[in-house]
Every structure is written in C-alpha cells, then in structure tokens.
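These notes are about the structure you will find just below.
Residue numbers run from 1 in the order of the sequence given.
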Amino acid sequence: MTFYNKITSLHLDVLKEIGNIGAAHAATALSDLLNTKIDMRVPKVEMVSFNEMMEFAGGAESVVAGIYLRIEGDAEGGMFFILPVEQANHFIKKLIHDESFDFRNPPVSELGRSAMQELGNILSGSYLSALSDFTGLKIYPTPPALTVDMFGAIISFGLVEVSQIGDHVIVIDTTIFEEHMGDSETVRGHFFLLPDPDSFETIFRSLGVS
C-alpha cells in the first residue's frame with residue numbers, strides 16, 4: 001500500500017489547519033497590496049482523483065489563470081493555484097490600476113502578467129511558509145509560471161510526472177473575501193498540491209501523523 005492510500009481525514013484536517021494559517025498571512029499581504037481589507041479562509045481540503053479534479057473550476061474547458069511552481073527542499077513536488085479568469089482579471093485590474101486589462105484579450109501586458117505571478121507568489125508562499133513552520137522542514141517554491149488556458153490543458157501539465165506514481169491529488173479550497181463584496185462576489189480559487197509520494201510521508205511524519 002502506498003502512502004497515498006493511507007491518507008485519512010486526520011491528515012486532511014491537519015492540512016486544512018495549516019492552510020488557514022497560511023491564508024491569514026496571505027490576507028494580510030494582499031490587504032497591504034490592494035489597499036483594502038481582505039480575508040481568506042480554507043473551508044475544505046480533500047483528496048480527489050484526476051477525473052474528479054477536472055470538475056473543479058467549472059470543468060475541463062473552463063478558462064482559468066493558473067500559477068504553477070515546483071516545491072523544493074526537504075519535501076518536493078508541485079503546486080497549482082487556479083483562479084477563474086474573470087476573478088483573476090478583477091484582482092489584476094486593481095493591482096495595476098487598469099480597468100481595460102483582460103487576460104482574454106491578448107497581447108497581455110507584462111505588467112499584468114507580473115502582477116498575477118506576484119499574487120501566486122504571495123498565496124503559495126504563505127501556504128508553504130505555514131507548512132514549513134509546522135513541520136520544521138525546509139520547503140520553498142521555485143519562481144511561478146503563469147498560464148491562461150482551459151483548466152484541463154493547464155492541469156495536465158503537472159500530472160505528467162504524478163500520473164506515473166499515483167492517481168490522486170490534494171485539493172485545498174480557498175475563498176477570498178474582499179471588503180464591501182457580497183457573498184455572490186466571493187472569490188473561490190483552488191490549490192492543487194502534488195507532493196512526490198516520499199514527500200507526503202516526510203511531511204506527515206514531521207507533523208506526528210503517520
């Protein structure tokens with residue numbers, strides 16, 4: 001039995017708690033960046049199959065902004081942050097003060113791309129920092145790569161290596177609440193955590209969960 005098959009609700013609860021700590025740090029950084037109050041939460045963490053994963057973010061053909069990075073150090077793997085393109089546009093317009101910005105209208109400005117990569121840096125960096133603090137492991141991200149495409153096309157890139165050693169990924173739901181926004185305007189993104197199998201075991205043993 002691989003370690004993937006040993007993961008229980010307890011493991012996922014640990015990841016959710018770490019995710020909420022990371023989300024709090026990210027919210028502080030985003031509030032400063034956007035000059036408005038931001039609150040972030042991780043309502044759910046679950047393990048899903050590759051097929052189930054395609055139903056996230058509106059399905060495989062839904063156009064999204066995807067940030068991909070490698071995780072290196074004591075635990076290695078990959079991580080995606082996926083945001084519906086309309087919501088990505090909302091944040092980037094605020095960051096670069098350009099209401100005409102649209103990822104769906106190429107050529108996309110380098111300023112807009114850089115802003116999205118910085119957003120991905122903040123979110124993924126905050127999560128990995130919390131994971132590192134909890135585990136005592138040295139974990140750090142590589143510079144993020146940005147792609148705007150159909151969800152299925154983006155996510156398949158990171159599954160090439162993982163599909164050879166497993167068929168499940170960890171999904172970390174993330175909600176972003178912006179001041180003066182109603183519930184219907186809440187931003188909902190997803191982290192897809194793809195640790196190498198040995199890294200999964202390393203992480204949970206460091207947390208005292210085995």
If you measure from [atom1] on [X] to [atom2] on [Y], what distance do you get to the nearest 0.5 Å?
| X | Y | atom1 | atom2 | answer |
| --- | --- | --- | --- | --- |
| Leu193 | Phe80 | CG | CZ | 11.5 Å |
| Glu118 | Leu33 | CD | CG | 6.5 Å |
| Arg113 | Thr147 | CZ | OG1 | 7.0 Å |
| Ser199 | Glu72 | OG | CD | 11.0 Å |
| Met40 | Thr28 | CE | OG1 | 10.5 Å |
| Thr142 | Ile71 | OG1 | CD1 | 9.0 Å |

Taking all non-hydrogen atoms of both residues into account, name the closest pair between [X] and [Y] and its distance.
| X | Y | answer |
| --- | --- | --- |
| Pro144 | Gln117 | O-NE2, 3.4 Å |
| Pro141 | Leu128 | CB-CD1, 3.7 Å |
| Met150 | Glu61 | CG-O, 3.5 Å |
| Ile122 | Ala29 | CG2-CB, 3.8 Å |
| Ser126 | Gly22 | CB-O, 3.2 Å |
| Leu83 | Gly189 | CD1-CA, 4.0 Å |

Flag side-chain contact, heavy atom, 4.5 Å: [X] against [Y]:
| X | Y | result |
| --- | --- | --- |
| Val64 | Ile154 | yes |
| Phe151 | Ile82 | yes |
| Glu46 | Ile172 | no |
| Phe191 | Asp173 | no |
| Phe81 | Leu69 | no |
| Val63 | Val148 | yes |
| Leu119 | Leu30 | yes |

Can you list the residues that meet the side chain to side chain donor-acceptor pair (under 3.5 Å) rule with [X], with sequence neighbours excluded?
| X | value |
| --- | --- |
| Asp39 | Arg41 |
| Asp98 | Ser100 |
| Lys94 | Glu178 |

Side-chain donor/acceptor pairs under 3.5 Å, residues 132-140, sequence neighbours excluded:
{"unit_1": "Ser132", "atom_1": "OG", "unit_2": "Leu137", "atom_2": "O", "d": "2.5"}
{"unit_1": "Thr135", "atom_1": "OG1", "unit_2": "Leu131", "atom_2": "O", "d": "2.8"}
{"unit_1": "Thr135", "atom_1": "OG1", "unit_2": "Ser132", "atom_2": "O", "d": "3.4"}
{"unit_1": "Thr135", "atom_1": "OG1", "unit_2": "Leu137", "atom_2": "N", "d": "3.1"}

Any residue meeting side-chain contact (heavy atoms from CB on, under 4.5 Å) with [X], in chain and number order, not counting sequence neighbours:
| X | result |
| --- | --- |
| Leu111 | Ile96, Ser109 |
| Ser31 | Ile38 |
| Asp102 | Asn89, Arg104, Asn105 |

Using atom types as modelled, flag every donor-acceptor pair under 3.5 Å from a side chain in residues 13-21 to any protein atom, sequence neighbours excluded.
{"unit_1": "Lys16", "atom_1": "NZ", "unit_2": "Pro43", "atom_2": "O", "d": "3.2"}
{"unit_1": "Asn20", "atom_1": "OD1", "unit_2": "Val42", "atom_2": "N", "d": "2.7"}
{"unit_1": "Asn20", "atom_1": "ND2", "unit_2": "Lys16", "atom_2": "O", "d": "3.3"}
{"unit_1": "Asn20", "atom_1": "ND2", "unit_2": "Val42", "atom_2": "O", "d": "3.4"}

### Message
Looking at His190, is its backbone amide N or carbonyl O close enough to the side chain of Thr174 to form a donor-acceptor pair, meaning the two atoms are under 3.5 Å apart?
### Response
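No, Thr174 side chain to His190 backbone: no donor-acceptor pair under 3.5 Å.
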### Query
Listed by chain and number, what are the ring-ring contact (aromatic ring centres under 6.0 Å, His included) partners of Phe103, not counting sequence neighbours?
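Partners of Phe103 by the ring-ring contact (aromatic ring centres under 6.0 Å, His included) criterion, ordered by chain and then number, come out as Phe101.
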### Task
Determine which pairs satisfy ring pair (Phe, Tyr, Trp, His ring centres under 6.0 Å) with at least one residue from residues 25-46, sequence neighbours left out, and list them in order.
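Residue pairs with at least one partner in residues 25-46: there are none.
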